[in-house]
Amino acid sequence: NINNYINLKNNEEIKKVLIKKNKKILKKKKFFILTCSKNGKIKKTEIKKYENINKNGIISCNLKKKDELVDAIVTNGFNDIIIYTKKGFCIRINEIEIKESGRNSEGINCIKLKENDEIIKIENIKENPTIIIATEQGYCKKNKTFLYKKQKKKGKGKKIIKLKKEDNIVKILKNNFNEEIVLITNKGNTLKIKTKNIKTNKINRSGNKVIKIKKEKEEILENIINYL
C-alpha cells in the first residue's frame with residue numbers, strides 16, 4: 001500500500017514515480033527534476049534537494065489554487081524538452097532557459113495556454129523521437145518530434161494534431177515499434193492495435209479513427225492506454 005511510504009492528504013494522489021540516479025553518478029554530474037503544472041508552471045530543481053524525504057513528504061512545488069502537478073522528469077539541465085497540452089498544442093524549449101529554483105518556488109510560465117486548455121505531459125525529446133497521440137474520441141496518430149521547431153519559453157506553441165470539437169488528447173506514448181497498445185473506453189469497449197499500423201500524419205493534421213465511440217459520453221480512458 002502506498003500509504004506505508006507516504007501520508008496522502010485528502011484529494012491528493014500520486015502523479016509520477018521517478019527513479020533516482022545512482023549516488024556515484026550524482027557525485028560526478030548534476031541532475032534536476034523538472035515539474036510541470038496543469039496551468040503551465042514549470043520548475044527545475046536539483047535532485048539533491050529532494051533527499052531525506054520522510055513519510056509526511058516534502059514540498060516539490062508551490063501551487064496556486066485550482067492548479068495541480070501533472071508530470072515530472074529527471075534531466076541533466078541541457079536537454080530540449082516538449083510540453084504537451086490537451087487541446088493539441090506543444091512547445092519545444094531548451095531547459096537552459098529555465099532557471100534553477102528551490103523546492104518551494106512556483107516556477108515560471110512555459111507556454112501561453114488557450115482558453116480551456118491545460119498541460120498534460122512533459123517529455124525529454126532525446127528519449128522519444130517518435131510519439132503516439134491518442135484522443136478521447138478514438139483517434140490516433142504518430143508524430144516525429146524532431147519536426148517540432150524550438151521556441152522561446154512563454155510562446156504560443158505549435159499545433160500537433162487537428163482535433164474534433166470537444167475532443168482532447170488523452171495520452172501520449174513512446175513509439176515502441178511492432179508492439180501492441182490497448183485502448184479502453186469508459187463504457188467498456190476495448191481495442192488492441194499494433195503501433196506499426198498507426199499512421200504518421202503531418203504535424204497539424206488529424207489522426208485516424210481507430211475505435212468507434214458509439215455511446216453518449218463514451219470516451220477513451222487515460223489510465224488504461226498502455227502497452228501490453
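For the numbers below, each heavy atom of this structure counts, side chains included, while hydrogens, waters and symmetry mates do not.
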>> Working to the nearest 0.5 angstrom, can you tell me the gap between Lys156 NZ and Lys112 NZ?
In response: 6.5 Å
> Say you draw a straight line from CD1 of Ile33 to CD of Glu46; how long is it, rounded to the nearest 0.5 Å?
Replying inline: 10.5 Å
> For the atom pair OG1 (Thr75) and CD1 (Ile47), what is the distance rounded to the nearest 0.5 Å?
Replying inline: 9.0 Å
> Between CG of Asn124 and CG of Asn76, what distance do you get to the nearest 0.5 Å?
Replying inline: 7.5 Å
>> I'd like to know if the side chain of Arg103 and the backbone of Lys49 have a donor-acceptor N/O pair within less than 3.5 Å.
In response: yes
>> My understanding is that only residues two or more places apart in sequence, or in another chain, count here; which of them pass side chain to side chain donor-acceptor pair (under 3.5 Å) with Thr35?
In response: none
>> If I take atom NZ from residue Lys171 and atom CD1 from residue Ile120, how far apart are they, to the nearest 0.5 angstrom?
In response: 9.5 Å
> Taking only residues two or more places apart in sequence, or in another chain, which ones meet Gln151 in a side chain to side chain donor-acceptor pair (under 3.5 Å)?
Replying inline: none
>> Taking NZ in Lys159 as the centre, count heavy atoms belonging to other residues, nucleotides or ligands within less than 6.0 Å. Is the count above 12?
In response: yes
> Are Ile81 and Tyr84 connected, step by step, through hydrophobic side chains (Ile, Leu, Val, Met, Phe, Trp, Tyr) whose heavy atoms are closer than 4.5 Å?
Replying inline: no
For residues 201-208, run the donor-acceptor check on the side chains, cut-off 3.5 Å, and write out each pair with its distance to 0.1 Å, sequence neighbours left out.
residue : atom : partner : partner atom : Å
Asn201  : ND2  : Ser206  : O            : 2.9
Asn201  : ND2  : Asn208  : OD1          : 3.4

> Do the side chains of Cys90 and Ile111 get nearer than 4.5 Å, heavy atoms only?
Replying inline: no
> Asn94 side chain to Ile96 main-chain N or O, any donor-acceptor pair under 3.5 Å?
Replying inline: yes
> Taking a hydrophobic cluster as the set of Ile, Leu, Val, Met, Phe, Trp and Tyr residues connected by side-chain heavy atoms closer than 4.5 Å, whether directly or through intermediates, do Leu34 and Tyr148 fall within one such cluster?
Replying inline: no
>> Would Lys30 and Glu100 count as a side-chain contact (heavy atoms from CB on, under 4.5 Å) here? Give the steps.
In response: CA-CA 12 Å; Lys30 199 172 182 179; Glu100 182 182 347; 3.3 Å; yes
> From Lys174 NZ over to Ile181 CD1, what is the distance, rounded to the nearest 0.5 angstrom?
Replying inline: 14.5 Å
> Which pair of non-hydrogen atoms, one from Ile91 and one from Gly155, has the smallest distance, and what is that distance?
Replying inline: CD1-N, 3.6 Å
> Are Val210 and Ile132 joined in one hydrophobic group, where the rule is that I, L, V, M, F, W and Y side chains link up if heavy atoms are under 4.5 Å apart?
Replying inline: yes
> Would Asp117 and Lys86 count as a side-chain contact (heavy atoms from CB on, under 4.5 Å) if you check the C-alpha gap in whole Å, the side-chain angles of each, and the deciding distance to 0.1 Å?
Replying inline: CA-CA 6 Å; Asp117 203 1; Lys86 74 174 186 179; 3.5 Å; yes
> Going through the distances and angles, do Lys142 and Lys199 end up as a side-chain contact (heavy atoms from CB on, under 4.5 Å)?
Replying inline: CA-CA 6 Å; Lys142 288 178 188 170; Lys199 294 182 179 180; over 6 Å; no
> If we only count heavy atoms from C-beta on, is the Lys114 to Lys87 side-chain gap below 4.5 Å?
Replying inline: no
>> Within the 4.5 Å heavy-atom criterion, are Leu183 and Ile193 side-chain neighbours or not?
In response: yes
> Yes or no on side-chain contact (heavy atoms from CB on, under 4.5 Å) for Ser105 and Lys43, after CA distance, side-chain angles and deciding distance?
Replying inline: CA-CA 8 Å; Ser105 64; Lys43 185 170 72 70; 2.8 Å; yes
>> Donor-acceptor pair, distance only, cut-off 3.5 Å: does the side chain of Asp71 make one with the backbone of Cys36?
In response: no
> How about Ile42 and Asn109: do any of their side-chain heavy atoms sit closer than 4.5 Å?
Replying inline: no
> Within a radius of less than 6.0 Å around NZ of Lys209, do more than 12 heavy atoms belonging to other residues, nucleotides or ligands occur?
Replying inline: yes
>> Test of understanding: clusters of I, L, V, M, F, W, Y form through side-chain heavy atoms closer than 4.5 Å, transitively. Do Ile213 and Tyr139 belong to the same one?
In response: no
> Same cluster or not: are Ile172 and Ile119 linked, directly or through other Ile, Leu, Val, Met, Phe, Trp or Tyr residues, by side-chain heavy atoms under 4.5 angstrom apart?
Replying inline: no
> In terms of side-chain geometry, is the basic nitrogen of Asp67 or Lys41 positioned less than 4.0 Å from the acidic oxygen of its partner?
Replying inline: no
>> Ignoring hydrogens, what is the shortest heavy-atom contact between Leu163 and Ile169? Give both atom names and the distance.
In response: CD1-N, 4.3 Å
> Does NZ belonging to Lys194 count more than 12 external heavy atoms closer than 6.0 Å?
Replying inline: yes
> Which atoms form the tightest heavy-atom contact between Thr45 and Gly102, and what is the distance?
Replying inline: OG1-O, 3.6 Å
> Are Lys141 and Ile161 close enough that some pair of their side-chain heavy atoms sits under 4.5 Å apart?
Replying inline: yes
> Taking Asn143 for the side chain and Ile160 for the main chain, is one N or O donor matched with an acceptor at less than 3.5 Å?
Replying inline: yes
> With a 4.5 Å limit on heavy-atom distance, are the side chains of Val70 and Lys121 in contact?
Replying inline: no
> For Lys154, does the NZ atom sit with more than 12 other heavy atoms under 6.0 Å from it, leaving out its own atoms?
Replying inline: no
>> Please find the pair of heavy atoms, one from Lys149 and one from Arg92, that lie closest to each other, and give the distance.
In response: O-CB, 3.9 Å
> Do Ile98 and Ile93 have side-chain heavy atoms sitting under 4.5 Å apart?
Replying inline: yes
> Does Asn79 offer a backbone N or O that forms a donor-acceptor pair with the side chain of Glu95 under 3.5 Å?
Replying inline: yes
> Taking side chain as C-beta onward, heavy atoms only, is Lys150 less than 4.5 Å from Asp80?
Replying inline: yes
>> Just by distance, no angles: are the side chains of Thr195 and Glu179 close enough, under 3.5 Å, to form a donor-acceptor pair?
In response: no
